[in-house]
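No hydrogens, no waters, no symmetry mates; every other heavy atom, side chains included, goes into these values. Proteins come first, then strands; the chains are lettered A, B, ... in the order of their sequence lines, and each starts at number 1.
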2 protein chains.
Amino acid sequence: MNLEDIARRAGVSRSTVSRVINNEPYVSSRTREKVLKIIQEVGFTPNPGARMLVTQRTQVIGVVIPRNLSVVFEDPYYFPTLLQGVAGAAQERDYATLLWLGSSDEDEDRFYQRILKNRLMDGLLIASATTNPSIFEHLLAQQIPFVTTERPFFYSDQISYVTIDNIGAGRTATEHLINLGRKRVGTIAGQQDNVDAQDRVIGYREALRAAGREVDPDLIVEGYFSRRGGYLAMKTLLRQEIDGVVAASDTMAVGALQALQEAGVRVPEDVALVGFDDLPLAIMTEPTLTTIRQPITQRGYQATSLLLAMLAGEVEGPRQVLLPTQLVIRQSTGVLTL
Amino acid sequence: MNLEDIARRAGVSRSTVSRVINNEPYVSSRTREKVLKIIQEVGFTPNPGARMLVTQRTQVIGVVIPRNLSVVFEDPYYFPTLLQGVAGAAQERDYATLLWLGSSDEDEDRFYQRILKNRLMDGLLIASATTNPSIFEHLLAQQIPFVTTERPFFYSDQISYVTIDNIGAGRTATEHLINLGRKRVGTIAGQQDNVDAQDRVIGYREALRAAGREVDPDLIVEGYFSRRGGYLAMKTLLRQEIDGVVAASDTMAVGALQALQEAGVRVPEDVALVGFDDLPLAIMTEPTLTTIRQPITQRGYQATSLLLAMLAGEVEGPRQVLLPTQLVIRQSTGVLTL
DNA sequence: GAGAGGATTGGGAGCGCTCCCAGAATCTGG
DNA sequence: CCAGATTCTGGGAGCGCTCCCAATCCTCTC
């Protein structure tokens, strides 16, 4: 079943059928309807290979998720939720999404090679930060349109990305504690090889300085983005006098909570605690966690929309988008909520 | 850059280059090496559209995940882990995976329409059960190869699927409690519109009967696959005299645990509890949960391998695979482990 | 009522690949 | 050394689509 078949049945030419399918002008409405009716009847869809061959477009974008396992482990909801946003945006423009999941037993370079060799995609969404600049270099050199969902380490001014306002979020969380009258506010920072983690600390510093306080380096403790990382970092922080803590993730906050409880420190009375992410976990703790909620679906949606706009030629050059976050106040900072 | 360009540079014909790329016989090893070298140098990959057009194969499979949100909510690790297995199997045969995520605001029929209209896939992996038989009817009628990762409600003898041995798992869990000397073992069953949930209850019944006990319908309580569902079901069960419970998921088991603790019932002393799934949650409870571990990656891997084998013509007709599960013994059934 | 100009339609060319067949080169055994 | 088989190579045809250009059909104006 091809254009010619439809054309024959409709008593028109191949070209006219093509025009109808692609919604082009210069087809009389009578002809258009007649053709549409037949297409509907026989359930025809044009052969994508043939179309690709001539248009050089595939109507497919790639979604790349490297180092998947660790990403999933930090926040299992993140990745499916992000994909939900991606799928929504892709659907709107009638694009399909080709999924590339990195596995731990494949070399990262080989993984990227595989993706770049596949010519079935009009553009790429890189759904994770990578410390490996080579993929970006390839994509930039080959002029393949792409968007990342993190601010990249390298070439960040040449690259389009959609991320959350980590600096603002770090500032908001810290300001919240300051406004509650906390005098010595520390932070459990994530590993600083991570752009998000870096930015959250920057926000923390900004808030302190804006409040006219000086930043005590002893109150900034790095840790792995894990429960254990938070636990250990809190242990370290407890060597200082302290009455407020901003953690770089809810998972870490939960670990911190455990350390506080073991030390007999009351939350929020003695130390107020703010997490980050608003995982389902955040309402399962005792006390429930005040935290920063980030719009994960939006992140996927906006990043994909941006990519598709670039592919459609509607957007020129690299563009960076920062999505706002939201402070969700719960018991761990001592404010009553239902 | 196309075959002809490579051919010119290598001083051979288009056909020969094609033979080399497709690893066909009847090319002298000298010629083959010469061509491979040039392909390597210029980094050539054949145009997939052109290839599709003539071979009528795409080297792409579709992965369909309907009703995503609820699936994710039950077990957030399930879906990413499954995809990991899918990606691994696809990679082995050099297939790409097109991801179709259902969203709650799209009608299920429209969702399937969209997928079926896309002719970019050689076959489909349906990564979730659906109560809607129409997609299966379409696929069977159109002879599109597909595999599901659940035993479907309808046409299950005509459909290839890879699932876990739910009956065996239900039996194993129940036997475990019986072997521990528990006299009145109940079960918190999932909603029975779910094949997995049904089978787990069947296994439960089988184990009781095999032990020469009669099945008391009051000891089988249905509930939603959620914490709250488990909590409510446990409340109901507690009206009976009982000393062992098999829950259809860890999430439900956690809810059950809460109900037990509120009622002042000791676990495992008074009631021993077995969950299902071995979520990370299972080691975060107090006591830790004895549970059934299912091989999620394997499920995705095997299902995809089966689909690809069908596409390669290596497997004929529908085939059903049951993967074994594993009982993981922890504190909630009173056995000491580290 | 003829001509201008726009709306509509049809068909050739060609995208880059695989398949097929014919021809050239090489290798056998007698 | 030659017929016949075998290995190797080249090029035409065609997959189904879009793009382009030319041809035809209207409609309106003077």
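Residues passing the side-chain hydrogen bond (donor to acceptor under 3.5 Å, both in side chains) test with B:K117: none are found, sequence neighbours excluded. In this structure B:Q302 satisfies the side-chain hydrogen bond (donor to acceptor under 3.5 Å, both in side chains) test together with B:Q298, sequence neighbours excluded. Checked against ring pair (Phe, Tyr, Trp, His ring centres under 6.0 Å), B:F146 has the following partners two or more places apart in sequence or in another chain: B:F136. For A:Y301, the side-chain hydrogen bond (donor to acceptor under 3.5 Å, both in side chains) partners at least two apart in sequence or on another chain are A:E92.
The main-chain N or O of A:I115 is never found under 3.5 Å from a side-chain atom of A:N118 such that the two would form a donor-acceptor pair. Between the side chain of B:T304 and the backbone N or O of B:G300, at least one donor-acceptor pair lies under 3.5 Å. The backbone N or O of B:I159 lies less than 3.5 Å from a partner atom in the side chain of B:Q320, making a donor-acceptor pair. A distance-only check finds no donor-acceptor pair linking the side chain of B:R151 to the backbone of B:T163 [under 3.5 Å].
Mapped onto DNA chain D by nearest heavy atom, B:T31 and A:N2 fall at different nucleotides, with B:T31 at the one closer to the 5' end. Where A:T55 and B:G11 meet DNA chain D, the nucleotide closest to each residue was compared, and B:G11 sits on the side nearer the 5' end. Between A:V12 and A:Y26, it is A:Y26 whose nearest contact on DNA chain C lies nearer the 5' terminus.
A salt bridge between A:E106 and A:R114 is present, with a side-chain N of the basic residue lying under 4.0 Å from a carboxylate O of the acidic one.
Regarding contacts with the backbone of D:dG11, every side-chain N or O of B:S13 stays at 4.0 angstrom or more from both OP1 and OP2.
Within 4.0 Å of B:S15, counting heavy atoms only, lies at least one base atom of the nucleic acid. In this structure, B:S28 reaches the sugar-phosphate backbone alone: every heavy-atom distance under 4.0 Å involves primed, P, OP1 or OP2 atoms, never a base.
Bracketed by its first and final contacts, the part of DNA chain C lying under 4.0 Å from non-hydrogen atoms of chain B reaches from C:dG16 to C:dC20 in 5' to 3' order.
Look at CZ on B:R19: it is 11 Å from P on D:dC8, rounded to the nearest Å. Counting to the nearest Å, the P atom of D:dG10 and the CG atom of B:L3 are 13 Å from each other.
Near DNA chain D, defined here as any heavy-atom distance below 4.0 Å, the residues from residues 38-51 of chain A are A:F44, A:P46, A:N47, A:A50, A:R51, listed numerically.
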